[in-house]
2 protein chains.
Amino acid sequence: MTTHDNDAFKPIATVDLAIFSLSPAGLSVLLVRRANAPFAGDRALPGGWVHIDEDADLEAAARRVLKEKTGVETPYLEQLQTTGSRSRDPRGWSISIVYIALLSADAVAKRQDLMAEEAEWRPIEGEGVGLSLAFDHASLLKEALARIRGKVEYSSLPGHLLPVRFTLSELQSVYETLLGRKLDKSAFRKRMAEADFLEPVEGEMRRASNRPAQMFRLKDAQSLVLFDRRI
Amino acid sequence: MTTHDNDAFKPIATVDLAIFSLSPAGLSVLLVRRANAPFAGDRALPGGWVHIDEDADLEAAARRVLKEKTGVETPYLEQLQTTGSRSRDPRGWSISIVYIALLSADAVAKRQDLMAEEAEWRPIEGEGVGLSLAFDHASLLKEALARIRGKVEYSSLPGHLLPVRFTLSELQSVYETLLGRKLDKSAFRKRMAEADFLEPVEGEMRRASNRPAQMFRLKDAQSLVLFDRRI
DNA sequence: CTAATAGTGTCTATCAGACAATATTTT
DNA sequence: AAAATATTGTCTGATAGACACTATTAG
């Protein structure tokens, strides 16, 4: 490594995650309580330094943080944006690469015991969580929500928040929750069929005395399918 | 600034730009020839270190690089993505925040004298420039092209590549160049009208003995308007 | 008048959205 | 059969795309 670049002039680099799941209260985000200064005691998005001896690349760093906080290893993961300025962290010029992760309801339930102690799910209310967050994390969370809400309109994104197996009615219900409006059942099924990201699985579901529903799973649990048109 | 974080463990942070304009040969990208190792002599996307004493934030760093290379100060500028790994730069673990800039044909012509000596416009062919580029810049350029081509379908993006004043026929022609297909004139004008990002200006354009065309300019030269549907 | 391009109008096949009908199960 | 939900079908108003027509200028 050459030394014409003095390390003292390098910005700080962190990876921060907006980790979402569905709770009974709707869409929720994982927050941690900061143990150390700055912003000790405040809530923040989970994150950490890029470990140049340990992380092969940025996505690996994001997966490491995710596993540390939730125990989950194979979520839907997407880079959102990068912010960097001299003022966002009192310790100096800092860069934050922000990732969005979506956890299936299964993963959340099964890995509850592996969740970091200082982490907690917090329901989304409007454009945030109704709490002030450390650093510029409130603004980062707002951006993440905008990205998610935008993609609901024309992608398979909500499928990543359900359990591995689900019915079309359940999927429609998640779309309706995230969109904040009702959808037509017939049109919804046509759209899902032509988008071609679901596959039927054996087994039925019956919660009451009614016709059982076909169950489906995502063809690819890690990738997003974009629709030709809005839902 | 506290010192519990050792600078030797920080990654390198650079900002790189994919700067596009329209040349007679179509969409072109600005490349520089590297003077120093690594990859000395190779072409690369213009870029540079984040200067923590000089740049207030990442976008300021991008604007600084842009001005140094082209003399242009007010382009359309958009953050594309961030890559970072231990292997992309032989000098060590490095992060590159990539921005896309679109230069109007006016700006390119007027600032030709201000352009950095080592910089040159290179026409796009397929997914790149038909040259091997330094670092992972070929891959970054490919991503930038994918983003641009995707946005042409449903945004005002091509308007940022024209001179400040242009006719609807010229605008349609740019859309057709970038999309690689012909568009219907009537439908195109309906879409532009409802997207509502143009305003008429005085002045005529007449290249031959024909009816003169109304000239237009962007209502906002720095922002993109997204359409409800594809063009 | 002719040539050339700007700009507007019309017609139709297609389709999204609303609504309704049918299917399959438990009690 | 009744109740409940799944799944599929039909009808209609809106519109994207193809095509054609009118407008305005120079020569």
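Below, chains carry the letters A, B, ... as their sequence lines are ordered, and counting in each starts from 1. Worth knowing before you read on, the calculation uses all heavy atoms, side chains too, and leaves out hydrogens, waters and symmetry mates.
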Considering only [options], which nucleotide approaches the side chain of [X] most closely?
X: B:N210; options: C:dG7, D:dT24, C:dT5; value: C:dT5
X: A:S209; options: D:dT7, C:dT26, C:dA6; value: C:dT26
X: B:S186; options: D:dG9, C:dT8, C:dG7; value: C:dT8
X: B:D184; options: C:dT25, D:dA18, C:dA23; value: D:dA18

| request: Look at the side chain of A:H160 and the backbone N and O of A:S223, then say whether any donor-acceptor pair between them is shorter than 3.5 Å. | output: yes
| message | Donor-acceptor pair, distance only, cut-off 3.5 Å: does the side chain of A:Q81 make one with the backbone of B:Q79? | response | no
| said: Go nucleotide by nucleotide along DNA chain D from the 5' end; which of B:K190 and A:F216 gets its closest nucleotide reached first? | reply: A:F216
Atom-to-atom span, [atom1] of [X] to [atom2] of [N] - whole angstrom:
X: A:K185; N: D:dG9; atom1: NZ; atom2: P; result: 14 Å
X: B:L183; N: D:dG17; atom1: CG; atom2: P; result: 9 Å
X: B:R229; N: C:dC15; atom1: CZ; atom2: P; result: 13 Å
X: A:I231; N: C:dC15; atom1: CD1; atom2: C1'; result: 16 Å
X: B:M205; N: D:dA26; atom1: CE; atom2: P; result: 15 Å
X: A:L171; N: D:dT7; atom1: CG; atom2: P; result: 12 Å
X: A:K182; N: C:dC19; atom1: NZ; atom2: P; result: 15 Å
X: B:Q172; N: C:dG7; atom1: CD; atom2: C1'; result: 12 Å

| query | For the base of D:dA4, is there a side-chain donor-acceptor partner from A:R211 under 3.5 Å away? | reply | no
| C:dT5 phosphate, OP1 or OP2, under 4.0 Å from B:R206 side-chain N/O | no
| remark: Heavy-atom closest pair (B:L171 atom, B:P158 atom, distance to 0.1 Å) is CD1-C, 4.3 Å
| said: Would you say A:D136 and A:S139 are linked by a side-chain donor-acceptor pair, where the criterion is simply a distance under 3.5 Å? | reply: no
| message | Categorize B:R207 for me: base, sugar-phosphate, or nothing, with a 4.0 angstrom heavy-atom threshold over every strand shown. | response | nothing
| What is the nucleic acid contact for B:R189, judged by heavy atoms within less than 4.0 Å: base, sugar-phosphate only, or nothing? | base
| Does any residue of residues 150-170 of chain B have a heavy atom under 4.0 Å from DNA chain D, and if so, which ones, in number order? | none
| request: Working to the nearest 0.5 Å, report the span between OH of B:Y154 and CG of B:L224. | output: 8.5 Å
| field | Distance (rounded to the nearest 0.5 Å) between A:L162 CG and A:R217 CZ | value | 15.0 Å
| Does the side chain of A:F166 reach to within under 4.5 Å of the side chain of A:L161, using non-hydrogen atoms? | no
| said: Is it the case that atom CD in B:E127 sees more than 12 heavy atoms from other parts of the structure closer than 6.0 Å? | reply: no
| Given that A:A187 and A:P212 both sit by DNA chain C, which one's nearest nucleotide is further toward the 5' end? | A:A187
